[in-house]
Amino acid sequence: MASAYRARGPAPAPIVIYGSRWCGITMMIRRYLDRAGIPYRFVDWEAHPEVRSELEWLAGGRLASPTIKLGGQVLVQPSMRELEWALARAGYGSL
């Protein structure tokens with residue numbers, strides 16, 4: 001279980017999660033961030049189809065759930081270890 005996030009220093013990069021509400025990986029990542037107290041914005045691409053072309057471009061030509069924008073990083077279907085590494089790199093510290 002993740003510990004609660006505590007801000008240190010400048011504000012970390014914003015997190016945007018693109019995916020669908022029914023995707024198990026997306027739900028798992030959202031729960032992880034919720035439990036850690038890390039703020040993020042969720043964009044359901046079924047409710048907002050206008051984001052699909054950008055996501056396909058970011059993910060190398062395919063639509064992958066979830067696709068996460070974290071500062072200058074783009075994560076496509078990351079493992080929890082990849083997500084934790086990206087969070088630490090973006091200024092969220094060690095979780």
Within the structure provided, determine whether I15 and L87 are in side-chain contact (heavy-atom separation under 4.5 Å). yes
Between the OH atom in Y18 and the CG atom in L55, the distance rounded to the nearest 0.5 Å is 6.5 Å
Rounded at 0.5 Å granularity, tell me how far NZ in K69 sits from CG in L75. 12.0 Å
Sequence neighbours excluded, which residues qualify as side chain to side chain contact (heavy atoms under 4.5 Å, CB included) partners of E46? S20, W22, D44, R52
Apply side-chain contact (heavy atoms from CB on, under 4.5 Å) to residues Y40 and I29 and explain how you reach the verdict. CA-CA 11 Å; Y40 63 90; I29 288 173; over 6 Å; no
Would you sort out whether V43 and I17 count as a side-chain contact (heavy atoms from CB on, under 4.5 Å), showing the intermediate values? CA-CA 6 Å; V43 178; I17 301 172; over 6 Å; no
Mind checking the CD-CD1 spacing from Q77 to I68? Nearest 0.5 Å is all I need. 10.0 Å
Examine M27 and W45 and state if one hydrophobic cluster contains both, with Ile, Leu, Val, Met, Phe, Trp and Tyr joined whenever side-chain heavy atoms are less than 4.5 Å apart. no
Do the side chain of E56 and the main chain of R62 share a donor and acceptor less than 3.5 angstrom apart? no
Treating Ile, Leu, Val, Met, Phe, Trp and Tyr as nodes and any side-chain heavy-atom pair under 4.5 angstrom as an edge, say whether M80 and I38 lie in one connected cluster. yes
Between E84 and R89, is the closest basic N to carboxylate O distance under 4.0 Å? no
What pair of heavy atoms forms the shortest contact from G19 to T26, and how long is it? CA-OG1, 4.2 Å
Is it true that a side-chain atom of E82 and a backbone atom of S79 form a donor plus acceptor pair closer than 3.5 Å? yes
If Ile, Leu, Val, Met, Phe, Trp and Tyr residues are connected whenever their side-chain heavy atoms lie under 4.5 Å apart, and connections chain through other members, are L70 and W85 in the same group? no
